[in-house]
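Structure first, then comments.
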Amino acid sequence: MARPLLKVVVLVSGNGSNLQALIDYQRREDCQYKIVKVVANKPDAYGLDRAKQHQIPTALIDHTRYKNRELFEQALINEIDEEPPGLVVLAGFMRVLTPLFTRHYLGRMINIHPSLLPKYPGLNTHQRALDAGDAEHGLSIHFVTAELDAGPVILQASLKIQPNLNAPTLQQQIHQLEHQTYPIAVQLFAQGDIKLNNNQAWFQNEKLNTPLQLSHLHND
């Protein structure tokens, strides 16, 4: 008997290019997830338009209309849980989340970060990698916990930094890598391959001592 499709809610703040990659992956016959809603915190988030173009329900929870983070996050939780998802995916959602939110979705919320964590949490990761003279750079997909960019890492993808590269070009290269990698992470979660146990990422019932590497996964 086929496993039911995992219900996914995607949170966006801007362009939503990773959302588009997740939508595109849904067209595959073997896709195990379905995006049931896209929620934005900014009225001009183009991610909302992307969702509407594909008949995916949308919602706007404008953070500027709330007195504090907790009130905003409670409204966000209420919206998301109208049809409780199996997974919440942060796709360029530019809000620092409090424990109220991270605890509620612990083990069923993931984020993508443009560095090889634990290197370079926070912002400006591409310039920081160049300034440090790193030989490679990449991205990390991790479970979201209360500490910013510090949840257990599930999957990483990397590339070699070419000589004389500037930060905008490196950012473009990482974006392309993100679009390949994020749908695979969601698919693995949907298949039941990835779980969070005792604040550690597990893959196929074994604890991940090091993150999965995209280059080692065989996905068409």
Side-chain angles (χ1 to χ4, degrees), residues 8 10-19 21-22 25 87-99 101-162 165-190 193-204 206-217 219:
V8 173
V10 182
L11 305 187
V12 298
S13 293
N15 181 40
S17 64
N18 272 313
L19 166 64
L22 292 166
Y25 193 93
L87 184 67
V88 175
V89 175
L90 306 182
F93 189 66
M94 304 305 290
R95 299 292 295 164
V96 175
L97 297 168
T98 76
F101 198 84
T102 58
R103 271 199 299 264
H104 186 76
Y105 295 108
L106 187 65
R108 54 195 182 108
M109 179 162 57
I110 61 174
N111 182 42
I112 192 164
H113 181 75
S115 78
L116 296 170
L117 292 169
K119 276 189 170 184
Y120 315 128
L123 302 174
N124 303 319
T125 60
H126 313 296
Q127 188 62 55
R128 288 157 72 190
L130 291 173
D131 290 346
D134 290 355
E136 63 174 12
H137 186 45
L139 62 94
S140 304
I141 296 165
H142 63 93
F143 283 107
V144 178
T145 59
E147 191 179 348
L148 181 68
D149 298 334
V153 177
I154 302 160
L155 175 60
Q156 291 183 325
S158 60
L159 51 78
K160 285 186 166 53
I161 296 178
Q162 301 301 321
L165 204 61
N166 59 29
T169 304
L170 182 56
Q171 181 178 24
Q172 284 181 335
Q173 292 178 357
I174 297 298
H175 272 162
Q176 290 174 352
L177 203 53
E178 288 179 6
H179 301 159
Q180 296 171 42
T181 311
Y182 218 0
I184 291 169
V186 176
Q187 174 82 342
L188 289 172
F189 188 95
D193 288 330
I194 292 171
K195 289 185 172 65
L196 182 70
N197 285 327
N198 298 320
N199 204 42
Q200 292 176 315
W202 288 60
F203 176 64
Q204 294 180 343
E206 292 189 7
K207 184 172 71 174
L208 279 176
N209 294 314
T210 58
L212 298 170
Q213 299 297 318
L214 180 66
S215 57
H216 297 161
L217 292 173
N219 277 274

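The basis for the numbers below is simple: all heavy atoms, side chains too, and nothing from hydrogens, waters or symmetry mates. All residue numbers refer to positions in the sequence shown, counting from 1.
- The minimum heavy-atom distance between Leu208 and Ile154, with the atom names listed, is CD1-O, 3.7 Å.
- In terms of heavy atoms, Pro152 sits closest to Ala201 at CB-N, 3.7 Å.
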- Task: Run the numbers on Arg95 and Leu11 for side-chain contact (heavy atoms from CB on, under 4.5 Å), then give the verdict.
- Result: CA-CA 10 Å; Arg95 299 292 295 164; Leu11 305 187; over 6 Å; no

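- Minimum interatomic distance between Ser140 and Ser115 (heavy atoms only, all atoms of both residues): OG-O, 2.7 Å.
- Taken to the nearest 0.5 Å, the CG atom of Leu196 stands 8.5 Å off from the OG1 atom of Thr145.
- Around CG of Asn166, the count of heavy atoms belonging to other residues, nucleotides or ligands within 6.0 Å exceeds 12.
- Checked options Leu130, Leu116, Ile174; the residue passing with His137 is Ile174 (criterion: side chain to side chain contact (heavy atoms under 4.5 Å, CB included)).
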- Task: Please step through side-chain contact (heavy atoms from CB on, under 4.5 Å) for the pair Asn209 and Lys207, ending with a clear verdict.
- Result: CA-CA 6 Å; Asn209 294 314; Lys207 184 172 71 174; 3.5 Å; yes

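- Side chains of Asn18 and Val12 form no contact here, defined as non-hydrogen atoms less than 4.5 Å apart.
- Atoms CD and CD1, from Gln204 and Ile194 in turn, are 9.0 Å apart once rounded to the nearest 0.5 Å.
- In this structure the side chain of Val89 reaches within 4.5 angstrom of the side chain of Tyr182, judged on heavy atoms.
- Atom CG of residue Leu87 and atom OH of residue Tyr105 lie 11.5 Å apart, to the nearest 0.5 angstrom.
- Partners of Lys195 under the salt bridge (Lys or Arg N to Asp or Glu O under 4.0 Å) rule, at least two apart in sequence or in another chain, do not exist in this structure.
- Of all heavy-atom pairs spanning Val144 and Ile110, the tightest one is CG2-C, 3.8 Å.
- For the atom pair CG (Leu97) and CD (Glu147), the distance works out to 14.0 Å, reported to the nearest 0.5 Å.
- With sequence neighbours excluded, no residue forms a ring-ring contact (aromatic ring centres under 6.0 Å, His included) with Tyr120.
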- Could you walk me through whether Phe203 and Leu188 pass the side-chain contact (heavy atoms from CB on, under 4.5 Å) check? CA-CA 9 Å; Phe203 176 64; Leu188 289 172; 4.2 Å; yes

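- For Leu22 against Pro183, the heavy-atom pair with the smallest separation is CD2-CA, 3.6 Å.
- Closest non-hydrogen pair, Glu136 versus Ser158, comes out as OE1-OG, 3.7 Å.
- Contact of the His126 side chain with the Pro114 side chain is registered, since non-hydrogen atoms from C-beta on lie closer than 4.5 Å.
- For the atom pair CG of Leu170 and NE2 of His175, the computed distance is 10.5 Å after rounding to the nearest 0.5 Å.
- Rounded to the nearest 0.5 Å, atoms CD (Gln172) and OG1 (Thr169) are 5.5 Å apart.
- Side-chain N or O atoms of Arg103 include none that pairs as donor or acceptor with a backbone N or O of Ala146 at under 3.5 Å.
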- Output, in order, the C-alpha distance, side-chain angles, deciding distance and verdict of side-chain contact (heavy atoms from CB on, under 4.5 Å) for Gln156 and Leu212. CA-CA 6 Å; Gln156 291 183 325; Leu212 298 170; over 6 Å; no

